[in-house]
Amino acid sequence: MSKVKKFFQNKMFRLIGLSSIIALPLLFGTIFMSSQSWTLGGEKTLLMWFEHFCNDNQTNQNEWEDSLLLIDVHDDKTLVTLYDEDSLKYGTEIAVNHAHLYRLLQDLHKADNYRYIVLDVFLDDEISQSDDSALYQLITSMPRIVVARSSQPLADSCLYSKAGTAQYSTTLWENDFVKYTYIINEQRSMPLFMYEELTGRRIEQKGTFLCEEGNLVQRNVILTYNIVWNNRLSDRRLYSDMLCEEDPDASTIQPSKSDGKYVLIGDFKSDIHNTFLGEMPGAIINFNAYCSLLNGHHRISLWYLFNLYVVFVLLVFLTIHRIKFSRIVMWFGYPAILSALCLMTYIRYHQVYDVLSITLLFYLLEKIVYIWECRESICQWIRENRFTMWFKKKC
């Protein structure tokens with residue numbers, strides 16, 4: 001019994017216990033920072049380095065490219081008259097030609113050999129063209145299709161069953177796409193709509209957490225960009241205005257072109273956004289978000305949390321113990337150690353955390369430990385200067 005008591009009274013054991021307790025809020029802080037849709041910029045820098053370090057996916061890139069059919073609607077626009085709620089004309093706007101869009105979707109629907117259609121075109125209630133009801137009914141009847149939804153109401157209530165949000169958000173600190181939030185105001189995004197329909201999986205709210213078949217998931221997904229927008233991919237797109245210029249009775253797209261393909265319909269010229277790998281069209285970003293979901297990058301691995309916690313406990317222990325070995329380890333510095341850990345977790349679990357913020361927390365802990373070790377001299381200085389401080393206050 002005395003040996004057990006001595007073991008629990010051992011200084012080393014108490015330090016390990018204290019380190020385990022201190023590491024918990026550091027771990028929770030890391031999870032909280034990683035779960036936010038915004039980033040402080042450190043994640044973007046790390047991802048740029050990691051992507052170059054792990055850039056051996058050229059074959060994977062080509063395979064994804066071969067599964068895509070890109071249809072550009074940038075030049076296929078028409079002038080639309082805008083009306084207010086009282087049916088009074090108040091302006092005009094350039095919008096995608098719905099008649100041509102109807103022909104494209106009709107031919108794809110007849111072939112019915114596509115894998116999925118991503119219609120990255122807003123069908124808001126402000127835009128009204130002739131025979132729109134036929135287009136909306138066609139979209140509703142088609143399988144494996146998702147339509148872009150903005151903050152504006154959709155033109156027809158039947159479209160809501162096929163719509164996913166496409167609201168891109170950036171922040172004051174970060175204007176490049178690093179993460180993609182796939183649930184905004186309890187509304188599913190286009191990539192999530194597509195992911196759930198093709199895989200049969202469902203992400204549900206369980207209290208304050210999101211779960212997918214019993215697994216914890218984050219509210220956003222790190223974009224690892226299986227598809228990188230380049231000249232080769234740009235040259236492979238088809239133009240909807242050219243496809244619909246031919247005989248109205250002829251098929252716009254040969255069935256062989258859409259066989260087993262993801263059909264991305266969107267504006268590939270003006271709908272451009274910054275990413276840490278360069279500029280990309282919104283339709284490509286949406287598809288990359290789908291690929292990241294498909295690869296499980298949104299899931300929180302318990303092994304990832306465990307490995308992170310063990311390393312944090314070790315770093316806290318070395319910080320508060322201050323033996324010779326800990327000084328050797330600390331010589332490398334927190335940024336180098338945490339960056340190396342982040343690289344390993346990225347390779348293994350595709351998870352990235354903000355090294356800068358966690359490093360600052362460890363430096364803060366180091367300063368607290370230093371002040372605690374100097375507390376006697378600080379207390380003595382206060383006692384010695386108490387009268388002087390009191391005298392100055394009176395004067």
Side-chain angles (χ1 to χ4, degrees), residues 68-84 87 89-112 114 116-142 144-166 168 190 233-255 257-258 261-273 281-287:
L68 296 180
L69 174 61
L70 310 179
I71 301 178
D72 195 346
V73 298
H74 174 78
D75 297 320
D76 195 4
K77 303 292 179 68
T78 185
L79 189 64
V80 178
T81 303
L82 301 179
Y83 296 91
D84 60 15
S87 300
K89 178 182 176 181
Y90 70 90
T92 57
E93 185 173 335
I94 301 296
V96 175
N97 191 317
H98 287 186
H100 289 178
L101 196 60
Y102 176 78
R103 282 192 61 195
L104 286 168
L105 293 178
Q106 192 176 41
D107 289 339
L108 289 169
H109 185 39
K110 287 179 181 177
D112 197 22
Y114 57 88
Y116 206 88
I117 298 176
V118 178
L119 184 57
D120 194 10
V121 175
F122 291 129
L123 300 175
D124 298 337
D125 61 351
E126 288 186 345
I127 306 299
S128 178
Q129 301 180 34
S130 60
D131 299 326
D132 274 353
S133 58
L135 172 64
Y136 303 151
Q137 291 299 325
L138 174 62
I139 292 173
T140 305
S141 64
M142 292 179 68
R144 306 184 305 281
I145 184 174
V146 62
V147 182
R149 176 184 179 183
S150 66
S151 57
Q152 299 294 327
L154 289 172
D156 195 305
S157 59
C158 68
L159 293 174
Y160 283 100
S161 62
K162 296 290 185 178
T165 58
Y168 307 120
M190 294 178 73
L233 190 61
S234 175
D235 293 339
R236 296 181 55 176
R237 59 186 162 170
L238 305 176
Y239 298 91
S240 60
D241 57 332
M242 296 181 181
L243 292 171
C244 296
E245 276 181 355
E246 300 176 0
D247 183 2
D249 297 327
S251 177
T252 57
I253 299 177
Q254 297 177 1
K257 287 186 176 295
S258 59
K261 299 291 183 67
Y262 294 100
V263 183
L264 308 186
I265 305 174
D267 190 337
F268 292 88
K269 288 185 180 178
S270 60
D271 183 23
I272 301 297
H273 304 270
I284 298 297
I285 291 176
N286 275 310
F287 187 77

Compare every heavy atom of F122 with every heavy atom of A166, then report the nearest pair and how far apart it is.
O-CZ, 4.1 Å
Value for CG (L135) from CG (L123), rounded to nearest 0.5 Å, stands at 6.0 Å
What distance do K261 atom NZ and I253 atom CD1 have between them, rounded to the nearest 0.5 Å?
10.5 Å
In chain order, what residues pass the side chain to side chain donor-acceptor pair (under 3.5 Å) check against Y114, with sequence neighbours excluded?
none
For a 4.5 angstrom cut-off between non-hydrogen side-chain atoms, does Y116 reach V146?
yes
Any donor-acceptor pair under 3.5 Å linking the side chain of R236 with the backbone of L233?
no
Looking at side-chain heavy atoms only, is the closest gap between L138 and Q106 below 4.5 Å?
yes
If I take atom CZ from residue F287 and atom CG from residue D120, how far apart are they, to the nearest 0.5 angstrom?
13.0 Å
Chi angles and distances behind the side-chain contact (heavy atoms from CB on, under 4.5 Å) call for L105, I265
CA-CA 10 Å; L105 293 178; I265 305 174; 4.0 Å; yes
So, taking the atom named CG in D241 and the one named CG in L238, what distance separates them when rounded to the nearest 0.5 Å?
11.0 Å
Lys/Arg-Asp/Glu bridge criterion (N-O < 4.0 Å) met for D112, R144
yes
Output yes when a side-chain donor or acceptor of K162 lies under 3.5 Å from a complementary backbone atom of M142, and no otherwise.
yes
Taking the side chain as every heavy atom from C-beta outward, state whether I139 and L119 have any pair of such atoms under 4.5 Å apart.
yes
Counting N and O atoms only, with roles assigned by atom type, does the side chain of D72 sit under 3.5 Å from a partner on the main chain of Y239, one being a donor and the other an acceptor?
no
Working to the nearest 0.5 angstrom, can you tell me the gap between H273 NE2 and I284 CD1?
11.5 Å
Contacts of type side chain to side chain contact (heavy atoms under 4.5 Å, CB included), residue A111, not counting sequence neighbours
N113, P255, S258
Contact between S141 and Y136 at the side-chain level, heavy atoms closer than 4.5 Å - yes or no?
no
Pairwise distance CD1(I272) to NE2(H74) - rounded to 0.5 angstrom
9.5 Å
Given side chains that start at C-beta, do those of P281 and D267 come closer than 4.5 Å, heavy atoms only?
no
Identified side chain to side chain donor-acceptor pair (under 3.5 Å) partner of S240 from the options T252, N97, D76
D76
Donor-acceptor under 3.5 Å (Y262 side chain, L69 main chain):
no
